[in-house]
Amino acid sequence: MLNILVISDDARKVTALYKPGDVAVDAEDTGRPAAGGDLPAASGYDACVLDLDMDGWREKLDELRQQMPVIAFSMPDIKKAVEAMKAGACDYLEKPLTSESLAEVITRHKRELLTHKYGFDEITGTSVPMKEVFGLIKRAAASESNVLVTGESGTGKELVARAIHRWSPRSERSFMSINCGAIPDTLLESELFGFEKGSFTGANYTKKGLLEVASGGTVFLDEIGDVSPMFQIKVLRVLQEGEIMRVGGQRQIKVDVRVIAATNRDLKAACQRGAFREDLFYRLNVINIHMPPLRARMDDIPVLVRHFITKHAAKRKDMVVKGASTEAMRVLMRHDYPGNVRELENIIERAISFTNSPEILPSDLPASLRESAPTGFAPSPRLKDAMSSVERDTIVQALRESGGNISRAAASLGVYRQHLQRKIKTLGIAI
Ligand SMILES: Nc1ncnc2c1ncn2[C@@H]1O[C@H](COP(=O)(O)OP(=O)(O)OP(=O)(O)O)[C@@H](O)[C@H]1O
Ligand SMILES: [Mg+2]
């Protein structure tokens, strides 16, 4: 499903050209000033169709192209078309627009619009482990099986769950997310299963639970590793029977939900300890998607940095932050990110608000990052020379004391004879 924003003085006419299907269109009719005169929140759209025959189109294009691909259109005008393409429009159409011409452009760009060049949906990454994750998401989306998404905190488990839903045949129905770790057991039960009027003090009305509301859609059970044994049995029953009973209720209610669960715990180990039910684990873990920690896919960092700069650049009204300097990227590449992608995103968001230049500089990054010793430390040539010279002096001294006896010299230096022989050779010491 593509969400497209149309901005035109005659937006309703353009909107009418879209045939109902897998494209949802919202329009800002600039002929009728929108309340507040502002754009609708642009973040929810996949692309924009922008009319160039209106005042201020340059500014609008500048603003929008940072957030989504912009398809420009206008009365036939080669100069304007070239100008718009140079300013970052991804395509150009001439008026009058027809259903065919619009559909053709959308189809042409659809793949790219949905599967962005550097990732899948909103999930950015070009590393081999992430490509595997993208493949698994597609497979999971095409099936009805339950999915268990595992991985450390901040690796993108929720993004994966949402992408599976968005690409599945259930995408038109709701995606309900519940953080099982954050809610006490009793509340969790009434949230998920609902309750009947009078079932407990304060239950003055009957309420449907998330599982009932989400019927036909997807339920995301986040932090499933944190729930009590009693609650595990209840979830298991839903998965086995496809039925729920409201708290205080008398009858079973059929629900049709697809469950995606996530955890940062090792559930297999929890099963072995007896802390998690094995039968529930196997029911949930039909498809497992493991999110690798960011330190295991450092080659994703440059594209993630670019992605987060684009995502958060709009927070600076006074200037456009366009990228990170080579030196800043180097600093970012040598951190090990215990907080994974979430930590990287916070660092970039903070840098955008701190920076005084259109490029993020090392000084915009947290001091702890700048100071951390680079991994893969390589001594400078000067240091190498100095170390060799100390080694040579020490070895020569030991050989002198042993009267040239390599075995004895090695023993006094605390190294193996072979090691000392190799050193003598590489350092060019004459015996
Ligand atoms: N590959 C990615 N591309 C773009 N953004 C990402 C990616 N991975 C994570 N993020 C961003 O990082 C943040 C954390 O992601 P998310 O909430 O999905 O992680 P999580 O694994 O569910 O973490 P937790 O276990 O703490 O709940 C979000 O803001 C998300 O948008
Ligand atoms: Mg999460």
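Just so you know, ligand 1 is whichever comes first in the structure, and atom 1 is the first atom listed for that ligand.
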Query raised in the report: Is the closest side-chain donor-acceptor distance between N179 and E223 under 3.5 Å?
Result: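 Side chains of N179 and E223: no pair found under 3.5 Å.
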Requested in this report: Output every pair passing ring pair (Phe, Tyr, Trp, His ring centres under 6.0 Å) with a member in residues 253-296, not counting sequence neighbours, ordered by first then second residue.
Outcome: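 Counting only pairs at least two positions apart or across chains, no ring pair (Phe, Tyr, Trp, His ring centres under 6.0 Å) contact touches residues 253-296.
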**Report entry** side-chain contact (heavy atoms from CB on, under 4.5 Å) involving D222 - partner list, sequence neighbours excluded
**Finding:**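 side-chain contact (heavy atoms from CB on, under 4.5 Å) check on D222 returns E158, F220, A262.
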Query raised in the report: Using a threshold of 4.0 angstrom between heavy atoms of the protein and any atom of ligand 1, which residues qualify?
Result: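 Protein residues near ligand 1 are E122, I123, T124, E152, S153, G154, T155, G156, K157, E158, L159, E223, L304, H307, F308, K311, V341, R342, E345.
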Query raised in the report: Can you list the residues that meet the side-chain hydrogen bond (donor to acceptor under 3.5 Å, both in side chains) rule with K315, with sequence neighbours excluded?
Result: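 So K315 forms a side-chain hydrogen bond (donor to acceptor under 3.5 Å, both in side chains) with H312, E349.
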Query raised in the report: Hey, do the aromatic rings of F200 and F195 have their centres closer than 6.0 Å?
Result: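 Here the rings of F195 and F200 have centres that are less than 6.0 Å from each other.
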Requested in this report: Go through the steps for K234 and E189 under the test salt bridge (charged side-chain N to carboxylate O under 4.0 Å, His left out), then give the verdict.
Outcome: CA-CA 9 Å; K234 299 206 158 141; E189 205 180 329; 2.7 Å; yes
